Amino acid sequence: MWLIRHGKTEGNKLARYIGTTDEPLCQEGTDFLKKMDYPELQDIYVSPLKRCVQTAEILFPGKPVHIIEELAECDFGEFENKNYKELDGNPNYQAWIDSGGTLPFPQGESRPCFLQRCSQGMYESVDRYRELFTGGVKIGCVVHGGTIMALLSTFYGGGYFDYQVKNGRGYCCMLSLQNGRIYFTELRKL
């Protein structure tokens, strides 16, 4: 399985918290993706947000994609579409920073809810397309940085922030199903 973060957006360039904002790729992001060389994949799952769908279309032209709503980025609530400079002095933001990012986003999503939603999305993907998981099949998820961190910390282990990844990059791993549970093994950063 290939877990690929979407290409760069204007919000990413400005270090904004871009979760539910449905912005497209910027030109720099599109140009970077066109230089990438990912392998041919048999099946591709994507977040419903524009930046992920566009990334999948660039990296895997002509390949059908399966939209999985639960693989969307975290809802940053009050912090959405703002960066750390704009949030400087905001007591809610300072409390979130002081918590090490463990507090729920004010008017947004908590990390446990986000992890659960992303896990459900992965199980839905596996359940919908179980016939592909016969071994030797290459599949991909074009999603968000937060979604990748959620999936890897849940199914591979380690800390949530251990799996930060740049736009257009990601991880490759083996996905296995054992007794109805998903496991990621042989993790390799791209």
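Here the structure is a predicted model, which means the values were calculated and not measured.
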### Query
Does Tyr93 have its ring centroid less than 6.0 Å away from the ring centroid of Phe105?
no
### Query
How long is the span from the SG atom in Cys52 to the CD1 atom in Ile44, to the nearest 0.5 Å?
12.5 Å
### Message
How about NZ on Lys63, more than 12 heavy atoms from neighbouring residues, nucleotides or ligands closer than 6.0 Å, or not?
### Response
yes
### Task
Verify the cluster assignment for Tyr45 and Leu177: are they in a single hydrophobic cluster under the rule of side-chain heavy atoms below 4.5 Å apart?
yes
### Query
When rounded to the nearest 0.5 angstrom, what is the spacing between CG in Asn92 and CD1 in Ile97?
12.0 Å
### Message
Can you confirm if the NZ or CZ of Arg188 lies within 45° of the ring axis of Tyr171 and under 6.0 Å from the centre of its six-membered ring?
### Response
no
### Message
With a sphere of 6.0 Å drawn around NZ of Lys35, does it hold more than 12 non-hydrogen atoms of other residues, nucleotides or ligands?
### Response
no
### Query
Does a sphere of radius 6.0 Å around OH in Tyr84 hold more than 12 heavy atoms from other residues, nucleotides or ligands, not counting ones at 6.0 Å or beyond?
no
### ILVMFWY cluster, Leu103 and Tyr17 together (side-chain gap under 4.5 Å)
yes
### Check against side-chain contact (heavy atoms from CB on, under 4.5 Å), Thr154 and Phe184
CA-CA 9 Å; Thr154 299; Phe184 291 168; over 6 Å; no
### Task
Please say whether more than 12 non-hydrogen atoms of neighbouring residues, nucleotides or ligands are located less than 6.0 Å from CE in Met174.
no
### Task
Find the distance between CD (Gln27) and NZ (Lys13) and round it off to the nearest 0.5 Å.
9.5 Å
### Task
Carefully, step by step, assess Glu70 and Arg117 under the rule salt bridge (Lys or Arg N to Asp or Glu O under 4.0 Å).
CA-CA 6 Å; Glu70 294 83 2; Arg117 177 169 57 78; over 6 Å; no
### Task
Side-chain contact test, heavy atoms from C-beta onward, threshold under 4.5 Å: evaluate it for Glu80 versus Thr20 and give yes or no.
yes
